[in-house]
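Accompanying notes for the structure given below.
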Amino acid sequence: RYVLPELPPGEYGIRVFAVDEAGALLPMLPFVRTFVLTGSNGFQEDVTLEPGCLPVFEFVDAAGRALDPAHGVVTLSLRLPGGPAVPRQWLQKRGEKLVSADDELPGPGPCWPAEPVAPGAWTLEVTIDGKLRSQQPVVLRAGERQSERLVVP
């Protein structure tokens, strides 16, 4: 149970994520809602999080070497088939540090979206220096931390 502090009138957004004891994201879809506070109203909201998927992608070349954005900007787009591009932040762990990049591979090695995504059929597009190099279907399973190794020619 969470209680927000007194807030002045205005429009507010709230986003709720499920995390484990260590603060790591769980594969549950976030709850996202906007509220308008007038100064005399309040809200009580029961939140049920739905199963999502927290995919971890490893991108390699044909020889099995990790793609390295130091050799060309690697843009990532995880979208529903035929759907529009969705801006997405991608995360990666480097030692004890978490790094991020918007719509790009943060560095060589495994990376994952900053938020869990809905299960189902998706399309993952990889471009290098603006040229489409790979467009692959990916099926994401509900309630899982799913690892995928994708070869980008």
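Residue numbers run from 1 in the order of the sequence given.
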Which pair of non-hydrogen atoms, one from [X] and one from [Y], has the smallest distance, and what is that distance?
X    : Y    : value
G52  : P119 : CA-CD, 4.0 Å
P81  : A121 : CD-O, 3.2 Å
A66  : G109 : CB-N, 4.0 Å
P106 : A101 : CA-CB, 4.0 Å
Q146 : C53  : OE1-SG, 3.5 Å
P153 : S134 : CD-CB, 4.4 Å

Between [Y] and [X], is there a side-chain heavy-atom distance shorter than 4.5 Å?
X    : Y    : answer
F35  : I14  : yes
V117 : P55  : yes
P137 : T123 : no
F59  : D68  : no
L76  : C111 : yes
F57  : V126 : no
L7   : Y12  : yes

Worksheet entry | R141: partners by salt bridge (Lys or Arg N to Asp or Glu O under 4.0 Å), with sequence neighbours left out | E144

Fill in: side chain to side chain donor-acceptor pair (under 3.5 Å) between S100 and Q89, worked out
CA-CA 7 Å; S100 68; Q89 185 179 45; 3.2 Å; yes

Discussion item. Between R133 and E125, does the salt bridge (charged side-chain N to carboxylate O under 4.0 Å, His left out) criterion hold? Intermediate values first, please.
Written reply: CA-CA 8 Å; R133 297 287 295 275; E125 293 179 354; over 6 Å; no

State yes or no: do [X] and [Y] share one hydrophobic cluster built from I, L, V, M, F, W and Y residues joined by side-chain heavy-atom distances below 4.5 Å, directly or via other members?
X    : Y    : value
L78  : V86  : no
V151 : L67  : no
L49  : L26  : yes
L105 : L150 : yes

Fill in: Distance in Å, E148 CD paired with L140 CG, rounded so as to fall on 0.5 Å steps
7.5 Å

Worksheet item: Which value, rounded to the nearest 0.5 Å, describes the distance between R88 atom CZ and E104 atom CD?
Response: 15.0 Å

Fill in: E45, CD: over 12 other non-hydrogen atoms inside 6.0 angstrom
yes

Counting distance only, does the side-chain N/O of [X] pair as donor-acceptor with the main-chain N or O of [Y] below 3.5 Å?
X    : Y    : answer
R33  : R15  : no
D103 : P87  : no
Q92  : P108 : yes

Practice prompt. Given side-chain contact (heavy atoms from CB on, under 4.5 Å), test E11 with L37 step by step and report yes or no.
Written response: CA-CA 6 Å; E11 188 173 322; L37 298 179; over 6 Å; no

Worksheet item: Linking Ile, Leu, Val, Met, Phe, Trp and Tyr by side-chain heavy atoms under 4.5 Å, what else ends up with L54?
Response: F17, V19, L25

Response to the item:
The remaining residues in the hydrophobic cluster of L91, counting side-chain heavy-atom contacts under 4.5 Å among Ile, Leu, Val, Met, Phe, Trp and Tyr, are V56, L98, W112

